[in-house]
Amino acid sequence: MRRGSSGAYRLAVAISRKTRRGKPEPGRWPGDRYGDGVDHVLTTERLILRPVTAADHPALLAHWETPDVRRFLFDGAVLPAAEIAEAIADSVRDFAAAGYGLWLVHEKDGTDLVGTAGLRPLDDAGLEIFYSLVPGAWGKGYATEAARAVVEAALGPLGLPEVLAEVDEGNAASVAVIKRLGMEAFDVVPGLLGPMTRYRMSARPS
């Protein structure tokens with residue numbers, strides 16, 4: 001995965017119009033409302049994924065500043081606090097307009113941030129899944145579990161025709177996650193850290 005522009009997480013209405021078959025009906029998500037009227041919560045066996053809010057800025061800033069987290073997510077770059085605030089604001093708008101954006105990941109029995117997962121534009125090719133975990137949560141299968149929840153929501157209730165992924169060749173952990181999800185490689189492109197492989201998963205015919 002790679003760092004995008006300051007609007008990397010802006011999931012524009014124009015994109016959603018091109019890729020979505022229809023907007024999900026209220027109350028049809030695999031989760032209940034998560035306080036403050038926030039919809040689009042995703043739940044798994046061990047995790048809760050909830051849309052990011054402005055109140056999450058300090059936790060997200062600390063998480064994305066961690067060197068092992070930003071190494072592949074942002075090619076090692078440290079995002080300014082203002083850029084993270086913009087990403088949060090973009091996600092809030094995008095959830096309201098299109099039903100997807102940036103989720104924060106927590107264990108069901110805990111309050112500490114475990115990581116993030118979401119969908120963002122991959123150039124003009126479509127939407128890609130991205131995710132990050134705090135180092136202490138590595139090796140537990142959380143990345144696969146959280147990413148699978150987002151992919152299933154995207155190809156199910158959201159009606160996306162496909163979900164993409166772009167992974168640095170040296171990011172063996174993410175390559176393993178993508179393969180466990182069942183995504184298939186279809187292209188290799190250059191990146192700041194070396195070659196990146198692009199993967200896709202298509203929705204099953206209804």
Side-chain angles (χ1 to χ4, degrees), residues 1-44 47-64 73-74 79-106 108 111 113-133 145-166 201 203 206:
M1 298 185 189
R2 79 279 177 257
R3 183 185 181 190
S5 64
S6 62
Y9 302 93
R10 178 171 292 124
L11 307 177
V13 173
I15 294 174
S16 69
R17 284 175 178 167
K18 288 197 300 181
T19 59
R20 294 169 65 219
R21 293 195 298 268
K23 190 172 182 179
E25 299 175 11
R28 295 296 300 279
W29 285 79
D32 296 326
R33 297 174 71 87
Y34 190 94
D36 297 329
V38 177
D39 291 311
H40 312 313
V41 170
L42 305 176
T43 61
T44 70
L47 305 173
I48 295 177
L49 289 70
R50 65 172 179 83
V52 68
T53 69
D56 298 311
H57 185 276
L60 187 59
L61 176 64
H63 175 53
W64 279 352
L73 190 62
F74 305 119
L79 298 189
E83 191 166 335
I84 291 179
E86 182 181 354
I88 292 173
D90 289 342
S91 180
V92 170
R93 286 193 296 269
D94 295 332
F95 270 112
Y100 48 84
L102 172 64
W103 284 270
L104 300 189
V105 182
H106 298 264
K108 280 187 173 179
T111 58
L113 181 67
V114 171
T116 66
L119 294 167
R120 65 184 180 187
L122 178 58
D123 300 329
D124 60 352
L127 296 177
E128 70 164 329
I129 176 75
F130 70 95
Y131 43 83
S132 63
L133 287 180
E145 194 169 328
R148 190 184 306 279
V150 173
V151 170
E152 289 180 351
L155 299 180
L158 280 172
L160 295 177
E162 67 177 6
V163 174
L164 307 177
E166 186 177 78
M201 176 178 284
S206 55

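Computed from a prediction, not measured in an experiment: that's the story for all the values here. Side-chain atoms are counted along with the backbone in the values below, which use heavy atoms only and exclude waters and symmetry mates. Counting from 1, the numbers follow the sequence of the chain as shown.
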Closest approach of A54 to I88 (non-hydrogen atoms, all atoms of both residues): N-CG2, 3.7 Å
A203 to L160 - nearest heavy-atom pair and separation: CB-O, 3.7 Å
Distance-only side-chain donor-acceptor flag, H63 / T116, under 3.5 Å: no
Closest non-hydrogen atom pair, V163 against A154: CG2-CB, 3.6 Å
Minimum-distance pair of heavy atoms, taken over all atoms of A117 and V150: CB-CG2, 3.9 Å
Check: W103 side chain, H40 main-chain N or O, donor-acceptor pair, under 3.5 Å: yes
Between CD on residue E145 and OG1 on residue T43, distance to nearest 0.5 Å: 10.0 Å
Separation between CE of M201 and CD1 of I129, rounded to the nearest 0.5 Å: 10.5 Å
Nearest heavy atoms of L42 and A153, plus distance in Å: CD2-CB, 4.0 Å
Rounded distance (nearest 0.5 Å) linking atom CH2 of W64 with atom CD1 of I84: 6.0 Å
Donor + acceptor pair across side chains of D94, S91 (<3.5 Å): no
Rounded distance [0.5 Å steps], CG in L127 versus CD in E162: 9.5 Å
Residues which pass side-chain contact (heavy atoms from CB on, under 4.5 Å) with A85, listed by chain and number, not counting sequence neighbours: H57
side-chain contact (heavy atoms from CB on, under 4.5 Å), paired with L102, selected from L119, L60, D90: L60
Step-by-step side chain to side chain contact (heavy atoms under 4.5 Å, CB included) determination, H106 to L104: CA-CA 7 Å; H106 298 264; L104 300 189; 4.1 Å; yes
Evaluation steps, side chain to side chain contact (heavy atoms under 4.5 Å, CB included), between T44 and R148: CA-CA 9 Å; T44 70; R148 190 184 306 279; over 6 Å; no
Closest approach of P51 to V41 (non-hydrogen atoms, all atoms of both residues): CD-CG2, 4.3 Å
